[in-house]
Enquirer: 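After the structure tokens below, expect a handful of questions from me.
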Amino acid sequence: MNFLEELQWRGMIHQMTPGTDALLQDGMITGYIGFDPTAPSLTIGNYVQIMLLRLFQDAGHRPIILMGGATGRIGDPSGKDKERELKSYDELDHNLEFQSRQFARFLDFEGPNAAIIVNNLDFYRDMNVLDFLRQVGKTLTVNYMSSKDSVKKRLETGLSFTEFSYQLLQAYDFQCLYTQHDCRLQMVGSDQWGNITSGTEFIRRNVDGKAHAVTTPLLTKADGSKFGKSERGNIWLSPELTSPYQFFQFWLKADDADLRNYIRYFSLRPREEMQALLDRVDEDPISVKAQLAEELTVRVHSRAAYESVLSVSELLFNKKANRDTLLGLDETSLATVAQEIPSFQIERDQLAAGINIVDLLAEHTSIQSSKGEARRSIKGNAIAVNKEKIKDHEYRVDATALLHGKYLMVENGRKNKFIIVTQ
RNA sequence: GGGGAGAUACCGAAGCGGUCAAACGGGGCAGACUGUAAAUCUGUUGGCUCAGCCUUCGUAGGUUCGAAUCCUGCUCUCCCCA
């Protein structure tokens, strides 16, 4: 399958430089996407980029993952309305290490078009300021750089020289990849267009080459908010940071209106199957959503993780699930539930002495962030212990409430469920 | 270097000496309705030992019985002139 055709069909092309089509017809080519290690793990926001690389590789091309060991130290002003806090070198190194390993799951690092990981810190490590200013800074005028949207917006609100320089780094990165790896294509979100064209400009002027770029439309949600954030922050691809259960729930709780985009951006099913899903969105959004959630949970985590999440989700969200079903659960099932949903440990002795519900929510666990909030939630009829709504903020929980002498289920609202394990 | 404007809770934005934990909008959270969706309606949205107290209106001081509101220094941002 032709790469551009594939993207076109999925609606993943925003713009591209002239001649990109011809380049891609020309046998195996090398293309890259950059990732700055500003977060401890890749997120589903990054997953759009990962999909691009994957589709690129599936089409027979060679993907380069460019880790931003250098650019991460600077901070990209694109799409940011204010100057960013710089992360420490230690933190960035650690993130880079972790994220690099995550790619193993999504791309093929073997074979004729094996993916490779390059760190752009290598391009700058041995360069001093004067070299940089002469070799890199001389290529573009400040006038040209300032006319980029990403910079223009920030000239109103303030932009440090550091962040202003970011596009020089990204442009020079492209040049280095071009000369060292014969990389002729950069793919990325449309907010990066300015930085990319600086890159093709570098290659044209400095090494007399021709490089190309494709951008994808930024994935936005129907309600206008940014894709990839849940109420409680980022959805990470690492199971330690976002459990498979939460990951699965994220897709299941997605807005119907976003479903078509999600299928087109994230599914790797054969085209006929994808089309069948798309066709069924209107009549049966719930089952389509479930299938997408399944596909992604299996791919990002594992089949086993999905099975476990599914059984737990069905148990917890089953319409008929009431106090009796909960009490009827055997200990193994409860243990599985405890593994999947967020859980907290407390001392058995402490609980035996009786714990006030407000303290339990806000102090012994972080189900609520303050006691005031806990009280409000109780007043608003949001808190349930073992499927029983709590009406009184003086309510005390003690050992008699424990299921199988060990577990306690606490719900905040209908969707946020927690297990407290005593030990 | 000179002149002007500004910094308010998650964001935007009122307030300009007491009745201000601070209007209003957005966002968040919860309740009802639903499909663990959307839309809609309702409640709530600094902390606590909660009819009271404590900490918050860039920062440090000062005036006052009393300051987000007045004065001074400082920091930062934006605009104009050189």
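Labels below follow one simple rule: chain letters A, B, ... track the order of the sequence lines, proteins then strands, and each chain is numbered from 1.
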Enquirer: Whole angstrom is fine here: how far is it from CD1 in A:I390 over to P in B:rG31?
Expert: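 Value for this atom pair: 14 Å.
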
Enquirer: Assign each of A:A254 and A:G413 to its nearest nucleotide of RNA chain B by heavy atoms, then name whichever residue's nucleotide is nearer the 5' end.
Expert: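 Comparing both residues, the 5'-ward one is A:G413.
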
Enquirer: Cation-pi check for A:Y89 against A:R73: NZ or CZ below 6.0 Å from the six-membered ring centre and within 45 degrees of the axis, yes or no?
Expert: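 Yes, A:R73 lies over the aromatic ring of A:Y89.
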
Enquirer: Using the C1' atom on both, measure B:rU69 against B:rG62 and round to a whole Å.
Expert: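 Here B:rU69 and B:rG62 have their C1' atoms 15 Å from each other.
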
Enquirer: When rounded to the nearest Å, what value does the distance between P atoms of B:rG28 and B:rU19 take?
Expert: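 Going atom to atom, P in each nucleotide, I get 32 Å.
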
Enquirer: Indicate whether OP1 or OP2 belonging to B:rA37 is found under 4.0 Å from a side-chain N or O atom of A:K415.
Expert: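 Yes, because at least one side-chain N or O of A:K415 sits under 4.0 Å from OP1 or OP2 of B:rA37.
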
Enquirer: I want to confirm an ordering. Mapping A:S377 and A:K289 to their closest nucleotides on RNA chain B, which one lands closer to the 5' end?
Expert: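 Nearest-nucleotide comparison on RNA chain B picks A:S377.
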
Enquirer: Over how many whole Å does the gap from A:K391 atom NZ to B:rG31 atom P extend?
Expert: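 Computing the A:K391:NZ to B:rG31:P distance gives 11 Å.
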
Enquirer: What's the spacing between A:L310 CG and A:T297 OG1 if we round to 0.5 Å?
Expert: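 Atom-to-atom, A:L310:CG and A:T297:OG1 are 9.5 Å apart.
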
Enquirer: Looking across every strand, which nucleic acid part, if any, lies under 4.0 Å from A:Q249 by heavy atom: base, sugar-phosphate, or nothing?
Expert: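 Base, at least one base heavy atom under 4.0 Å.
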
Enquirer: To the nearest Å, how far apart are A:I341 CD1 and B:rU36 C1'?
Expert: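 It works out to 14 Å between those atoms.
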
Enquirer: Mind checking if A:S370 touches a base, just sugar-phosphate, or nothing, with heavy atoms under 4.0 Å?
Expert: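 Sugar-phosphate contact only.
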
Enquirer: Distance check needed: B:rG35 P versus A:I286 CD1, whole Å only.
Expert: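 Whole-Å distance recorded here is 7 Å.
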
Enquirer: Please give, in whole Å, the distance from B:rU44 P to A:H393 NE2?
Expert: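 The answer, rounded to whole Å, is 17 Å.
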
Enquirer: Excluding sequence neighbours, so at least two apart, what forms ring-ring contact (aromatic ring centres under 6.0 Å, His included) with A:F266?
Expert: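 So A:F266 forms a ring-ring contact (aromatic ring centres under 6.0 Å, His included) with A:Y47, A:F227, A:W251.
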
Enquirer: Below 4.0 angstrom from OP1 or OP2 of B:rG47, is there any side-chain N or O of A:R376?
Expert: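 It does, given that an N or O in the side chain of A:R376 lies less than 4.0 Å from OP1 or OP2 of B:rG47.
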
Enquirer: Rounding to a whole Å, what distance do you find between A:N412:CG and B:rG28:P?
Expert: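 Spelled out: CG on A:N412 to P on B:rG28 is 16 Å.
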
Enquirer: State which of B:rG31, B:rU49, B:rG35 makes the closest approach to the side chain of A:D256.
Expert: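 Of all the options, the side chain of A:D256 is nearest to B:rG35.
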
Enquirer: When you measure from the side chain of A:T197 to the backbone of A:W193, do you find a donor-acceptor pair of N or O atoms at a distance under 3.5 Å?
Expert: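 Flag set: sc A:T197 to bb A:W193 pair under 3.5 Å.
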
Enquirer: Which donor-acceptor pairs under 3.5 Å do the side chains of residues 331-341 of chain A make with protein atoms, sequence neighbours left out?
Expert:
| unit_1 | atom_1 | unit_2 | atom_2 | d |
| --- | --- | --- | --- | --- |
| A:S333 | OG | A:D330 | OD1 | 2.7 |
| A:T336 | OG1 | A:T332 | O | 2.9 |
| A:E340 | OE2 | A:S308 | OG | 2.5 |

Enquirer: Please measure how far the P atom in B:rG58 lies from the corresponding atom in B:rG25, and state the result in whole Å.
Expert: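 Going atom to atom, P in each nucleotide, I get 23 Å.
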
Enquirer: Mind checking the C1' distance from B:rG47 to B:rU56? Whole angstroms is fine.
Expert: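 One C1' to the other, the span is 10 Å.
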
Enquirer: For A:N416 and B:rU36, is the shortest distance between a side-chain N/O and OP1 or OP2 below 4.0 Å?
Expert: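 Negative; the distance criterion is not met.
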
Enquirer: Over how many whole Å does the gap from A:D359 atom CG to B:rU49 atom P extend?
Expert: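 After rounding, the reported distance stands at 8 Å.
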
Enquirer: Tell me, please, which residues at least two apart from A:F164 pass ring-ring contact (aromatic ring centres under 6.0 Å, His included).
Expert: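 Checked A:F164 against ring-ring contact (aromatic ring centres under 6.0 Å, His included); zero matches.
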
Enquirer: Just checking A:K379: base, sugar-phosphate only, or nothing, at a heavy-atom cut-off of under 4.0 Å?
Expert: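 Nothing, no heavy atom under 4.0 Å.
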
Enquirer: For A:L168, which of A:L140, A:L133, A:T139 qualifies under side chain to side chain contact (heavy atoms under 4.5 Å, CB included)?
Expert: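 That would be A:L140.
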
Enquirer: Using atom P of each nucleotide, how far apart are B:rU64 and B:rC20 to the nearest Å?
Expert: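 Nearest-Å result for B:rU64 against B:rC20 at atom P: 25 Å.
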
Enquirer: According to ring-ring contact (aromatic ring centres under 6.0 Å, His included), who are the partners of A:F56, at least two apart in sequence or on a separate chain?
Expert: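 ring-ring contact (aromatic ring centres under 6.0 Å, His included) list for A:F56, sorted by chain: A:F3, A:H61.
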
Enquirer: I need the residues from residues 380-388 of chain A with at least one non-hydrogen atom less than 4.0 Å from RNA chain B; give them sorted by number, or say none.
Expert: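 The stretch gives A:G380, A:N381, A:A382 as the residues lying under 4.0 Å from the strand, ordered by number.
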
Enquirer: Please give the distance between the C1' atoms of B:rU36 and B:rG31 as a whole number of Å.
Expert: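 Roughly 16 Å separates the two C1' atoms.
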
Enquirer: Could you measure between the two P atoms, the one in B:rA22 and the one in B:rA68, and give it in whole Å?
Expert: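 Straight-line distance between the two P atoms is 13 Å.
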
Enquirer: Does B:rA38 have its OP1 or OP2 closer than 4.0 Å to a side-chain nitrogen or oxygen of A:K253?
Expert: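 Answer is no, no contact under 4.0 Å.
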
Enquirer: What stems show up for RNA chain B when you take Watson-Crick pairs (N1-N3 plus N6-O4 or O6-N4) and G-U wobbles (N1-O2, O6-N3), both under 3.5 Å, and require three or more consecutive pairs?
Expert: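 Stem list for RNA chain B: B:1-7 with B:75-81, B:10-12 with B:24-26, B:27-32 with B:40-45, B:46-48 with B:52-54, B:58-62 with B:70-74.
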
Enquirer: Within 45 degrees of the ring normal and closer than 6.0 Å to the centroid, is that where the cationic atom of A:K417 sits relative to A:F317?
Expert: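 Yes.
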
Enquirer: Assign the ring pair A:F35 / A:F103 to parallel, tilted or perpendicular, where the plane angle (0 to 90°) is split at 30° and 60°.
Expert: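 Ring orientation, 0 to 90° scale: perpendicular.
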
Enquirer: If the P atom of B:rC80 is compared with that of B:rC71, how far apart are they to the nearest Å?
Expert: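 It comes out at 27 Å once rounded to the nearest Å.
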
Enquirer: Whole angstroms only, please: what is the CD-C1' distance between A:Q368 and B:rC48?
Expert: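 In whole Å, B:rC48 C1' lies 16 Å from A:Q368 CD.
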
Enquirer: About how many Å separate CD of A:E6 and CD1 of A:I13, when rounded to the nearest 0.5 Å?
Expert: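 It comes to 10.0 Å.
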
